[in-house]
Participant: 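I'd like to ask some things about the structure below.
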Amino acid sequence: MLHTITIETKDDAEFGQIKDLAKNLGVPFRESHQNLLSKEEQLKLLNQLSWEGDETGDELNAMIYGARRSSSRDVEL
């Protein structure tokens with residue numbers, strides 16, 4: 001049976017300690033690293049995205065409101 005534990009460390013020193021512990025215990029481990037983006041970097045990437053469609057904003061709005069079913073319904077009790 002395979003068990004998985006995910007440990008997220010704040011810095012390289014903590015990561016090294018956890019990695020050394022796993023080595024000393026003789027348990028197999030796998031490591032991965034992620035570079036988290038700052039808020040500024042996230043906004044920069046978001047500003048680079050664009051989407052174009054055939055509908056205008058007003059047409060999309062009308063489609064959304066038209067698809068709603070918020071009117072009263074006749075229900076047999």
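Positions are given from 1, in the same order as the sequence printed here.
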Participant: Looking at L46, I'd like to know if its CG atom is crowded, meaning that more than 12 non-hydrogen atoms belonging to other residues, nucleotides or ligands lie closer than 6.0 Å.
Facilitator: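 Yes - once you tally the heavy atoms of other residues, nucleotides and ligands closer than 6.0 Å, there are more than 12.
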Participant: Measure the spacing between CG of D58 and CE of M63 and express it to the nearest 0.5 Å.
Facilitator: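 Output value for this atom pair is 13.0 Å.
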Participant: How about D11: does its CG atom have over 12 heavy atoms from other parts shown lying under 6.0 Å from it?
Facilitator: yes
Participant: What's the shortest heavy-atom distance between D54 and E59, and which atoms?
Facilitator: O-OE1, 4.0 Å
Participant: Output the distance between atom CD (Q34) and atom CG (L37), rounded to the nearest 0.5 Å.
Facilitator: 10.5 Å
Participant: I'd like to check the salt bridge (charged side-chain N to carboxylate O under 4.0 Å, His left out) partners of K23; sequence neighbours left out, ordered by chain and number.
Facilitator: none
Participant: Is a side-chain N or O of N47 found less than 3.5 angstrom from the main chain of L43, in a donor-acceptor match?
Facilitator: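 Yes.
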Participant: One pair to check against side-chain contact (heavy atoms from CB on, under 4.5 Å): K10 and F15. What are the steps and the verdict?
Facilitator: CA-CA 8 Å; K10 294 178 287 199; F15 178 76; over 6 Å; no
Participant: Atom NE2 in H3, atom CE in M1: separation rounded to 0.5 Å?
Facilitator: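 It comes to 4.5 Å.
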Participant: To the nearest 0.5 angstrom, please state how far the CD atom of E31 sits from the CD1 atom of I7.
Facilitator: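 Between E31 CD and I7 CD1, I get 12.5 Å after rounding to 0.5 Å.
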Participant: Taking the side chain from Q48 and the backbone from L45, do they hold a donor-acceptor pair closer than 3.5 Å?
Facilitator: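 It does not hold such a pair.
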Participant: For L21, enumerate each residue passing the side chain to side chain contact (heavy atoms under 4.5 Å, CB included) test, keeping only those at least two apart in sequence or located in another chain.
Facilitator: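 L21 satisfies side chain to side chain contact (heavy atoms under 4.5 Å, CB included) with L25 only.
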Participant: For E14 and T9, indicate whether the former's side chain and the latter's backbone hold a donor-acceptor pair under 3.5 Å.
Facilitator: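 No; judged by distance alone, with no hydrogens or angles, the pair does not exist.
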Participant: Quick one: pull up NZ in K19 and CG in D12 and give me the separation to the nearest 0.5 Å.
Facilitator: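 Going from NZ on K19 over to CG on D12, the span is 10.5 Å.
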Participant: Could you check whether atom CD of E40 has more than 12 heavy atoms from other residues, nucleotides or ligands sitting under 6.0 Å from it?
Facilitator: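 Atom CD in E40 is not crowded, with 12 or fewer foreign heavy atoms closer than 6.0 Å.
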